[in-house]
Number of protein chains: 2
Amino acid sequence: MQKNRSEKYNKILDSAGAVFAEFGFYKATISQIAAKAGVADGTLYLYFKNKDDILYQFINFKSQNVFEKMNAAVETGRNAESKLRNLIRCHLQEFQNDRNMAIIFQSEVRYLRDIEFQIKDISKMYLDLLSDIIEQGQVEGYMRQDLFVGLVKRFILGAVEGVIGTWVSADARYDLVAMADPLVDLYLVGVRGE
Amino acid sequence: MQKNRSEKYNKILDSAGAVFAEFGFYKATISQIAAKAGVADGTLYLYFKNKDDILYQFINFKSQNVFEKMNAAVETGRNAESKLRNLIRCHLQEFQNDRNMAIIFQSEVRYLRDIEFQIKDISKMYLDLLSDIIEQGQVEGYMRQDLFVGLVKRFILGAVEGVIGTWVSADARYDLVAMADPLVDLYLVGVRGE
DNA sequence: TTAAACAATGAATTATTATTCATTTGAGTG
DNA sequence: CACTCAAATGAATAATAATTCATTGTTTAA
C-alpha cells in the first residue's frame, strides 16, 4: 500500500466518492469503485488497506481541505458578524461545489462511530471556530452575554446541516449559497425580529 | 407473516431497536436480534418480510407514535410561541425517553433513500406543523413577515436534530429536555438579542 | 539486451449472513 | 386420548462481496 498521493490514488478516491454517494457505503461494492476508476479490483488494495479505509481516507482528505478553506474564510472577517457570515457562506459553497462530499458527510459520517477512527469528532474544529466567533461577539457587545455557548454552537451547526440536507434531497436544484445570508439573519435576530 | 401486533412482534421490534442502535443497521445481524428477543432466527420471518422490513416497521411504528404526541402537544398551545415551545419540548422529551429510537432516527433514516419507502418524507408532518406555527405567528404579528418559511422550518428542525445528536454522542449524560427553552429562545430572538 | 523491481490484474478463495423449509412442539378440540 | 393446525425451530442453503495472490505486464538501469 502506497502512502503518497499518486494520480491513481486520487482517481480511486474520486470514484469511491461517487459510488458511496450514490449507493451508500454498505451497498457500494469494491467492484463498482474499481470499474468506475478503470482499474482492477485488486488494485484498490495497493492503495488502501480495505473498504473502510477508503471511506476513512475520503473523509479525512475532504475535511482537511474544507476546514482549511473555512479557517481562511473566518480569518478575513473583521468582526464576529462578518466572520460568521463568511463561515456559513464558505460552508455552503464548499458543499455545493462537491455534492458527493455533501451526501457522504450527511449520511455516512455517522458510520464512523463503528470504526475506531482517529477523527474523534469531525465537527470539533468547526465547533471551536464557532466558539471563538461567539466569544468575540460577546466581547464586542454584539451578542448576548447570557448565551449558552455549547448550545449555540450546536444550534448553528445543526441548522446549516439541515439546510444542506434539504438541498441534497432536493437534488441540488437551487442555489445553496443564496441561503447563507437569510440563515445568518435567523441566527442573529431570530424569527421574532427587532 | 402476521399483520397484527402480537406480543412477540413487539418483543422482536424492541430487540431490533436495541441492536440497530448499538451496531447500526448493516452490522446488526438477524441472529443478534433473534437472540436478544429470545426466539429462533427463523421466527423473525414469521413476523417480518426481511431485515429491511424490520427497520421499516420500527421507524413506521415509532414515528406514528411520536407524531401523535407532537400533534397533541401543539394543540395545547394557545399562541404560536407556546405551540412552538410545546413542540420542541415534546420532541426532546420523546427522544430522551427512547434513546434507541433517537439513535436510529439520527443515523439510519438516511438509509431509507435506498429502499422505496412509503414514508416518502419522515419529517414532512413535522415540517407542516412548523409551517402552521410560523404562519400563525405571522398572523399574530409575533413573528416577522419577511420570513422565508421554507428556510425557517429547516432551520428549526435542523437545530433540534443537532442538539439531539450531541446528546446521543454524549451518551445521554445530561437532561435533554432542559435544552428546550434556551433553544426556543434562540429561535425567537437569535444570538444578538433585543 | 536483459534482468530485477515494481505495478496491476482478476479469478479463486473465504467469510459472512440473510433466508428457507423440513421438522418439531404444543395448544386446543371432539 | 388422538388429531389438527398454527407457531416456532435452527440446521442447511445460497448468495454476496471483500480480500488474496499467483500470474502477467511494464519500467528501470546496468
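In what follows, every chain begins at residue 1, and chains take the letters A, B, ... in the order their sequences are listed.
At least one side-chain nitrogen or oxygen of Lys8(B) sits closer than 4.0 Å to the OP1 or OP2 atom of dA8(D). Between dA17(D) and Lys27(A), no contact under 4.0 Å exists linking OP1 or OP2 to a side-chain N or O. Tyr47(A) has a side-chain polar atom (N or O) that falls below the 4.0 Å cut-off from OP1 or OP2 of dA8(C). Remark: Thr29(A) is not in phosphate contact with dA17(D), judged by side-chain N or O atoms under 4.0 Å from OP1 or OP2.
Backbone-only engagement by Ala28(A) is indicated by non-hydrogen atom pairs under 4.0 Å involving sugar-phosphate atoms exclusively.
The separation between Lys51(B) atom NZ and dT20(C) atom P is 15 Å, rounded to whole Å. Protein atom CD of Gln32(B) is 13 Å distant from nucleotide atom P of dT16(C), rounded to whole Å. A straight line from NZ of Lys11(A) to P of dA7(C) spans 19 Å, rounded to a whole angstrom. Atom CG in Asp41(A) sits about 12 Å away from atom C1' in dA8(C), given to the nearest Å. As a whole-Å value, the separation of Tyr9(B) OH from dA7(D) P is 16 Å. Asp52(A) places its CG atom 11 Å from the C1' atom of dA18(D), with the value rounded to the nearest Å. Rounded to an integer number of Å, the gap from CD1 of Ile12(A) to P of dT9(C) is 9 Å. Computed from coordinates, the Ile33(A) CD1 to dA17(D) P distance equals 12 Å when rounded to whole Å.
Residues Gly42(B) and Thr43(A) both approach DNA chain D. Their nearest nucleotides, taken by heavy-atom distance, put Gly42(B) toward the 5′ side.
Ring pair Tyr187(B)/Phe155(A) is tilted by interplanar angle, where 30° to 60° counts as tilted. Between Phe105(B) and Phe95(B), the two ring planes are perpendicular [angle over 60°; tilted spans 30° to 60°]. Using a 30° and 60° split on the angle between ring planes, Phe20(A) and Phe25(A) fall in the tilted class, from 30° to 60°.
When the nucleotides dT9(C), dA18(C), dG10(D) are ranked by their closest atom to the side chain of Ile30(B), dA18(C) comes out on top. Closest approach to the Leu46(A) side chain among dA7(C), dT9(D), dT19(D) is made by dA7(C) (side chain taken as heavy atoms from C-beta onward). Among the nucleotides dT19(D), dT9(D), dA18(C), the one closest to the side chain of Tyr45(A) is dT19(D). Closest to the side chain of Val39(B), from the set dT9(D), dT9(C), dA18(D), is dT9(D).
Contact between Ile164(A) and Ala102(A) at its shortest, heavy atoms only, is CG2-CB, 4.4 Å.
Judged by distance alone, the side chains of Asn79(B) and Ser82(B) do bring a donor and an acceptor atom under 3.5 Å apart.
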